Structure formats: structure tokens, C-alpha cells
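Lettering follows sequence order; numbering is per chain, from 1. Note that the coordinates shown come from a computational prediction; the quantities given were computed from them, not determined experimentally.
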Protein chains: 2
Amino acid sequence: MKASIYDVARYCGLSVVTVSRVLNNTGNVREKNRRKVLDAIEALDYRPHAAAQSLARGHTRIIGLMMTTLHDRFFETVVNEINRALARYGYFLALSVSSDVRSRETHDLMHEDRVDGLILLSLPEEDRYVAQLKKRSIPFVLIDNQRRDHMVPSVLTDNYYGGYEAAKHLLSLGHTRIAHVCGPEYFLSTRERKRGFLDALREGGLSPFAVVQGDYEIGFGYNTAKSWIRSGKLPTAVFAGDDYIAVGIVNALAEEGMRVPEAMSVIGYDDQYIASRLRPYLTTVRQPAENIGQSSVELLLKWIGAGSTASVTVEWKPELVIRESTAVYKA
Amino acid sequence: MKASIYDVARYCGLSVVTVSRVLNNTGNVREKNRRKVLDAIEALDYRPHAAAQSLARGHTRIIGLMMTTLHDRFFETVVNEINRALARYGYFLALSVSSDVRSRETHDLMHEDRVDGLILLSLPEEDRYVAQLKKRSIPFVLIDNQRRDHMVPSVLTDNYYGGYEAAKHLLSLGHTRIAHVCGPEYFLSTRERKRGFLDALREGGLSPFAVVQGDYEIGFGYNTAKSWIRSGKLPTAVFAGDDYIAVGIVNALAEEGMRVPEAMSVIGYDDQYIASRLRPYLTTVRQPAENIGQSSVELLLKWIGAGSTASVTVEWKPELVIRESTAVYKA
DNA sequence: TTGAAAGCGATACCAC
DNA sequence: GTGGTATCGCTTTCAA
């Protein structure tokens, strides 16, 4: 049978209160007794019962994380970092991956006082949750939120800047026939990247060779490039909405014997695993996933600690990573 | 303030016992009263307090999952499936990703009665945990365990079979100069795949063109292929230890203007995302991650339900997925 | 510095 | 069918 705090108290001839005190490092315990308690704990291999502690203290030291998919390098890294940061502060991570927003389990995560706070990672329909969370006054943080108008603590990256920098890079290389192959319109990030891209081109006095919209998939990039090739009209540089699209483009070109960056410069977004492994290594825009994960935890724990929040927004700048897939334009 | 079961009882003029009864669907409640309770719950927007329930019931309905990395398609899918299966049974998932086996948080997951059971996903040093778990009599299941000798409930895939089938496939295509580029020796899966591969070759009366060992990385496949090319001595077919290695090989070949499968047949393992997206689509050996995730949950919950286990081992057969990267040998 | 006792919010045994 | 009460294991006043 597992030892309880009473067993420890009995074992060392002190009261449970004293045991509790050394457990929680609340002062006022004679050093000699402290030792006795510690020894008893050791001898009995005692560990406090989490549920009992939660009940007594009113909190669980569990943070919930809700997301729709793990299959994304950026998300993976964020989750990893959140996990690590949480552990450092003595918190646990409850994960809920659910593509179906309306499923039951995600709701119970916030309904039964299971968590002290929640992190919402790039959730569509975020409003629905935000309303619930506010009503139940559960601390939360949004990462990569879709809407920026409601005042809620959130951490995000400057996608406009990312798109802008990507385009600037291509421009500086002397390209003038520049296309953008982007993701679905309903992502704020897609729209922002595009806006940044277009603004940069406009500043350069250019209009885009083309703006093609589809999914963040290798296949979409592949098909787009193939259709350009078929038509015989190609841009000299492409800003892909993400690395998968970029890789698809490179792949299609390679099949036709065209090399990147010689035949076409290609720039991606996200710095996924393959971006730095597959030749040609991809020039890309990197989001600081580690920082994002960390800030979200810090923001959340600050809220939990303070009992209220100032609804801070932390914004990270993405970073242009120049590798092999972009080069100076040669006529 | 959040409503407790006492508030509900007071509101509907019944006792907490009755409320608890309708909450848990234990019979013996007059239908009329049942309605009253339900109405009160509705009116007060009441939800039972998880910690209080855990304390009273003696379990948490939380299952812990320990793993070392999320960056793997197979793992992702397993996690996803575990999450889904758990949710179906009304359980929650506590995740601990930790490459450092000795870190604190992973331990507390099993020490404070936070979880009703644990799933260990492909953990090196599994023995250490198994011992702890057994000592504390916490139900657990191993997925993809490294050692197969200790009697513990586990679910795994037949890597020997996978390697064997891969080789058979290449053999049946008429290849005779077949290489194996595999992962690190310390993975049981690596050793098993290799053993299957070698046995198949032996049955075909062949010895391998080469067996090269390195990391499960694109770069390793790339470098290996490059060195073959430099040496001028190439196999006509390769069984890569995983898809990343395979993609690296294809990538290196493509750079030299050599096409797959025309110049060389390549077969991967795991059916990662890129395997089915990048041309040429990879012939690969697919592990049934969904089934694995599900069985692990079922095994674990069965143990938890029964209070004991028969130490079952569930083994899934991987499946050969033939796509574009392998073809009949032409001299 | 220490400990007795009152919660925390449920469940479960046992009368009625 | 229903409800009083002890119980789960810990924290937190409050007196001593």
C-alpha cells in the first residue's frame, strides 16, 4: 500500500502539518525535525498524492494544450518547447489533438477543473473557445491566433514581415518575374504573408508574375510548377507559402531537368525538416518556434500567478534563412 | 463562483448522494427526481470537480505517454491515435516528450498518482522504467520496445518481416546487386530489419552488395549514394532503413542526373509524409501506426480494468507499399 | 515552532 | 429510493 502523509507523520513522530511544511518548504520547521521528516519520506518512499493536493490547493499544475494536428515541424517544435518550459516550472502537459473542433474531450479539458490554464495552438474557430474560457475565467493564451481584433493574450509571428522580407530578398537578387504560390485564404498567416509580399513588390515597382492559391502541400507546388512548364511561361523566382509547396516546385522542376536556383529561385517558409536536408537546401523564412513556445508558457503562468492579465500580445519576427535555393538572376 | 455538488443538491432539494447517483448513472433514482437533478445541473452549469473525483475514486482517468521526440511521422500518428482512442473511453492524455531520460518531469508522471497508466513509446533504457512501474504497480504498455525478453505487455511490429519483404520485393524484380543502408545498431528495429533483409537475400542465394550503417537521416542516404557514385560502383537496388535515408539516396542520384527507379531501385521504410508526396513516390514498408496506437490503449485499459494482466504482446505485420521507386532490373 | 481541526468536492457504506 | 456520514490525502487557519 502506498504511504500517505499520515504514515510519514507517524513514522517520524511529528504531525502531518509539519510534514506538509517541509514538503512545501514553508519555513518554521526546526532543522532537526526537517531531517527527521525527510528521512521518513525517504524510508517510506513517500510521494504526495496529486489529486489530494489539487483538491486542497485548488489547482492542478496541469496545463492543457489544444491543437488540430501534430504533423507540422513548427507545431512539433512548439509542443516540445511548451513541454520543456512547463516541466521547468513544475507543470504537466495535457494534450488534446483534435481535428474535429466539436468533439467532447477538448471541452472537458476546460470543464472539470482539470487544468490551470490552456494554450490554444493555431486553432480555427478560436472565438468559440475564447468565449467559453472567459466565461469560466480559465487563464489561456493563443498562439498564432486567426483574429487579431479581440483583446486576448497571444503570441504570434509577424507574417507580413516574413512575406515582405522574402520578396525583398528575391528583389535584391535582381528578379523581376516573381510569383507567389500560397496557402488557403482562410488562414490569417496566408493573407499576411501575401500582403507583405505584394507590398514589397509594389515598392520595387513590380507586379507579381502570378499569385496562385492552394493547399500547403508538396503536391500543390508540384502541380503549379508543372502547369507553368506546360504553358511555357515561367517566373524566374517564386515565394512559396511554405516549405512543402517550395519542395514540390523544386521537385517538378527537377523532373524536367531544370535546376534550382539556376533555372528558378525558390524560397519557402517555416524551415521544416526537409528544408535543410534535401538538396538544394531551401532558402526559407524561419519562425522562432522555441521562443514562441516559451513565451506562451510564460505569459500563461504569469496570468495564473497574477490572477489577472493585461492581455499582452507578444510578437516574434521571423528570420530569413538564406541557403542554396535562391540566386542572383541571370538573363 | 463555481457550483459544487452541494449547490446542486440544495438547488433541487435533494441530497448530494442522489445527485452523485444521477451523475454516475447508478440506478435507484426516481425518474422525477432524476429530472430535477438534471435541471439543477443545467441551471447551475455544474461540472464535477476532477480532482475531488480522483481523490474519492482513487483514479484520475489520465493516461501518461512518454516519448523522446515528436518529430517522426510514425510517432505522430501513434500519438494522434492514442489521443483519439483515449478520448473515446473518456480518458485524458498527459504527454511527456523528453530526450533526456533522466529528467525530473517524466518521473513525477508516475510518482504522484497523476496517471492511471503509462504508455512508453519507443523509449531507450526502457528497463529502468519497467522496474519502477512494476514496483509501484502502475499499469503500463510498451510500444516498440527494445528488448523482447522481459515479460511485459507490449505492442510492436515485425521488423524482421518488413526487412524480409522489402528484400523479397527487390529480388522478385530481378535485382542481384542489392545494398542495405540502415540505421544505428542499437535500435532493435534496425537489427531486425537487417536480419530479415539478409535472410531473404541468403534464400535467394545472394550476398548483399553492401550494408552501410549510419543515422536515420536524409544526409546519411545522400552521402552514401554520393560515395557510391564517386567510387563508380553502384548497386542496382537499395533497401533503405527508413524513408529519410531513401529520400537522401534519391536526392543524390538526381543531382547526378540519375533517375529512380531507372538507374536504381530504392525502397524505404515507415511511409513518412514525403514518401507519398515527392516524386518519385517511394515504395516503402508501412507500419500500421493507427492499429498500434489503438492496441496499446486497449491493452492498457484492459489491464486497468482487470486489475491484472496476462502480459500480452500484440504484434502487427508491416505492409509493403509499392509505388514508383522500384522497378524491374534491366541490364 | 508545532499541531488540532476544518475544509476542498466528490464517492460509498449503511441505515431508514 | 433516499440521505447521513465517514473517507480519500493534503493544505490552511488558528491556538497554544
Side-chain angles (χ1 to χ4, degrees), chain A residues 1-38 40-41 44-62 90 92 108 111-116 136 138, chain B residues 1-38 40-41 44-62 90 92 108 111-116 136 138:
Chain A
M1 190 50 200
K2 215 197 148 225
S4 85
I5 197 171
Y6 284 95
D7 300 319
V8 177
R10 194 175 316 122
Y11 188 96
C12 62
L14 290 160
S15 79
V16 295
V17 181
T18 305
V19 177
S20 175
R21 285 203 180 98
V22 351
L23 238 36
N24 299 291
N25 272 315
T26 353
N28 291 356
V29 176
R30 213 183 298 280
E31 180 55 26
K32 192 176 132 205
N33 286 335
R34 221 179 79 82
R35 281 249 59 86
K36 273 174 128 181
V37 171
L38 258 15
I41 288 177
L44 270 47
D45 196 18
Y46 166 77
R47 295 291 191 302
H49 189 94
Q53 271 184 326
S54 297
L55 183 55
R57 300 212 256 234
H59 58 248
T60 59
R61 293 198 85 75
I62 298 178
F92 292 87
D108 289 340
H111 281 342
E112 299 178 333
D113 296 281
R114 286 193 173 269
V115 299
D116 293 347
R136 303 197 167 266
I138 300 174
Chain B
M1 189 51 201
K2 217 200 144 221
S4 85
I5 196 170
Y6 285 94
D7 300 319
V8 177
R10 194 176 316 121
Y11 188 95
C12 63
L14 291 161
S15 78
V16 294
V17 180
T18 306
V19 176
S20 175
R21 286 204 180 97
V22 352
L23 237 37
N24 299 291
N25 272 314
T26 353
N28 291 355
V29 176
R30 212 183 299 280
E31 179 55 27
K32 194 178 132 204
N33 287 334
R34 222 179 78 82
R35 282 249 58 85
K36 272 173 106 181
V37 171
L38 257 18
I41 289 177
L44 271 47
D45 196 17
Y46 165 77
R47 295 290 193 301
H49 188 95
Q53 271 183 325
S54 297
L55 183 55
R57 297 211 257 234
H59 58 248
T60 59
R61 294 199 83 76
I62 298 178
F92 292 87
D108 290 341
H111 280 341
E112 299 178 334
D113 296 283
R114 286 193 172 269
V115 298
D116 293 347
R136 302 197 168 265
I138 300 174

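- With sequence neighbours left out, the side chain to side chain donor-acceptor pair (under 3.5 Å) criterion links B:Thr18 to B:Ser15.
- For A:Ser15 and C:dT2, the shortest distance from a side-chain N or O to OP1 or OP2 is not below 4.0 Å.
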Exercise for the section: Please assess B:Ile5 against B:Tyr46 for the test side-chain contact (heavy atoms from CB on, under 4.5 Å), listing each intermediate value before the final yes or no. Expected result: CA-CA 8 Å; B:Ile5 196 170; B:Tyr46 165 77; 3.8 Å; yes

Fill in the blank from the handout: A correct 5'-to-3' footprint of nucleotides 8-16 of chain D, with B, S and - meaning base, sugar-phosphate only and no protein heavy atom under 4.0 Å, is BBBSB----

Exercise for the section: Step by step, work out the side-chain contact (heavy atoms from CB on, under 4.5 Å) result for B:Asn33 and B:Val22. Expected result: CA-CA 9 Å; B:Asn33 287 334; B:Val22 352; over 6 Å; no

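- In this structure, B:Leu14 places its CG atom 11 Å from P of D:dG4, rounding to the nearest Å.
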Handout entry: Step-by-step side-chain contact (heavy atoms from CB on, under 4.5 Å) determination, A:Arg21 to A:Arg34
Key = CA-CA 9 Å; A:Arg21 285 203 180 98; A:Arg34 221 179 79 82; over 6 Å; no

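- No donor-acceptor pair closer than 3.5 Å links the side chain of B:Ser20 to the backbone N or O of B:Val16.
- One interatomic measurement links the two molecules: CZ of B:Arg61 to C1' of C:dA10, which rounds to 15 Å at whole-angstrom precision.
- Going from atom CG of B:Asn28 over to atom P of C:dC13 covers 13 Å, rounded to whole Å.
- In this structure B:Arg114 satisfies the side chain to side chain donor-acceptor pair (under 3.5 Å) test together with B:Glu112, sequence neighbours excluded.
- Computed from coordinates, the B:Arg35 CZ to D:dG1 P distance equals 16 Å when rounded to whole Å.
- Regarding B:Leu44, its CG atom lies at a distance of 12 Å from the P atom of C:dA10, rounded to whole Å.
- In this structure, B:Arg10 atom CZ and D:dG4 atom P are separated by 13 Å, rounded to whole Å.
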